[in-house]
Amino acid sequence: QVQLVESGGGLVQAGGSLRLSCAGSGRTFSSYTMGWFRQAPGKEREFVAAIRWSGGVIYNIDSVKGRFTISRDNAKNGISLQMNSLKPEDTAVYYCVAEGRPYGLGSPAADEYDYWGQGTQVTVSS
């Protein structure tokens with residue numbers, strides 16, 4: 001059974017940093033596009049970033065430009081998200097996602113991802 005488990009969320013002051021991790025199990029994810037979405041209370045789910053099997057990355061530029069970095073974490077069979085210069089508007093539950101077929105191109109569309117983690121809460125205080 002495929003599972004994605006996030007960790008690394010927490011409470012941080014504005015301007016601070018957090019590093020989220022996503023550990024995968026049930027398959028080897030190095031050939032699959034993986035990514036992060038987030039959802040704040042009362043708001044729509046939002047694409048954050050994705051990393052293709054080839055290493056290419058996609059960012060939601062408007063939201064995270066220059067502040068967030070997605071990378072592969074082969075030791076955890078997953079990915080990480082380094083978040084710097086955090087703002088209160090980054091407060092949300094962050095979800096790790098993975099496509100269901102290998103060698104996908106990746107997309108900001110949520111329905112392109114077949115596997116979702118349970119989420120980890122990130123709270124940024126002002």
Side-chain angles (χ1 to χ4, degrees):
Q1 182 179 358
V2 173
Q3 282 192 314
L4 301 173
V5 179
E6 304 94 337
S7 61
L11 173 64
V12 63
Q13 288 189 329
S17 298
L18 281 175
R19 186 177 182 87
L20 304 184
S21 293
C22 173
S25 61
R27 68 170 48 160
T28 300
F29 283 97
S30 58
S31 299
Y32 294 79
T33 294
M34 301 181 73
W36 295 93
F37 281 75
R38 68 185 184 186
Q39 189 164 21
K43 293 190 176 181
E44 296 284 323
R45 185 169 47 191
E46 179 183 43
F47 171 76
V48 176
I51 184 164
R52 300 184 178 100
W53 62 274
S54 60
V57 296
I58 312 169
Y59 290 104
N60 181 337
I61 296 300
D62 290 344
S63 296
V64 304
K65 181 179 181 180
R67 300 189 298 123
F68 290 9
T69 303
I70 188 172
S71 61
R72 288 273 175 186
D73 186 342
N74 291 328
K76 294 186 176 181
N77 189 30
I79 57 175
S80 295
L81 184 69
Q82 178 66 42
M83 306 186 295
N84 298 328
S85 302
L86 283 162
K87 305 176 181 179
E89 51 263 44
D90 294 319
T91 295
V93 177
Y94 284 70
Y95 297 92
C96 177
V97 299
E99 289 189 342
R101 64 188 187 282
Y103 311 117
L105 295 178
S107 167
D111 57 10
E112 288 291 316
Y113 300 92
D114 296 281
Y115 301 107
W116 292 70
Q118 292 297 309
T120 186
Q121 176 70 46
V122 171
T123 303
V124 184
S125 63
S126 57

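The main-chain N or O of Ile70 is found under 3.5 Å from a side-chain atom of Tyr59 such that the two form a donor-acceptor pair. In terms of modelled atom types and a separation under 3.5 Å, the side chain of Arg52 and the main chain of Ile58 share no donor-acceptor contact. A donor-acceptor pair under 3.5 Å links the side-chain atoms of Asn77 to the main chain of Arg27, judged by distance alone.
Smallest separation of non-hydrogen atoms from Ala14 and Ser126: CB-CA, 4.4 Å. Trp116 and Ala110 make their closest contact through CZ2-O, 3.7 Å (heavy atoms, listed as atom of the first residue, atom of the second, distance). Counting all heavy atoms, side chain and backbone alike, Asp73 lies closest to Ser80 at OD2-OG, 3.7 Å. Across all non-hydrogen atoms, the minimal contact from Gly8 to Leu18 is O-CD2, 3.8 Å.
The environment of Gln118 atom CD is sparse: at most 12 non-hydrogen atoms of other residues, nucleotides or ligands sit within 6.0 angstrom.
Each side-chain hydrogen bond (donor to acceptor under 3.5 Å, both in side chains) pair with one or both residues in residues 95-108, not counting sequence neighbours, would appear here, but there are none.
Note that the CH2 atom of Trp36 and the CD atom of Glu46 stand 15.0 Å from one another [nearest 0.5 Å]. Taken to the nearest 0.5 Å, the OG atom of Ser85 stands 9.5 Å off from the CZ atom of Phe68. In this structure, OG in Ser21 is found 9.5 Å from CD in Gln82, a value given to the nearest 0.5 Å. Taking CD from Gln13 and OG1 from Thr123, the interatomic distance works out to 13.0 Å, rounded to the nearest 0.5 Å. Interatomic distance, CD of Gln3 versus OH of Tyr115, reported as 11.5 Å (0.5 Å rounding). The OG atom of Ser71 sits 11.5 Å away from atom CE of Met34, with the distance rounded to the nearest 0.5 Å.
The side chain to side chain contact (heavy atoms under 4.5 Å, CB included) test with Val122 is passed by exactly one of Thr91, Leu11, Leu20: Leu20. Remark: of the listed residues Ile51, Thr33, Leu4, Ile51 is the sole one forming a side chain to side chain contact (heavy atoms under 4.5 Å, CB included) with Ile79.
Residues Val2 and Tyr32 are members of one and the same hydrophobic cluster, defined by side-chain heavy-atom contacts under 4.5 angstrom among Ile, Leu, Val, Met, Phe, Trp and Tyr. Both Val93 and Val97 belong to a common hydrophobic cluster when Ile, Leu, Val, Met, Phe, Trp and Tyr are linked at side-chain heavy-atom distances under 4.5 angstrom.
When side chains are defined from C-beta on, Arg38 counts as touching Asp90, because their heavy atoms get closer than 4.5 Å.
Using cut-offs of 30° and 60° on the angle between ring planes, the pair Phe47 and Phe37 is perpendicular.
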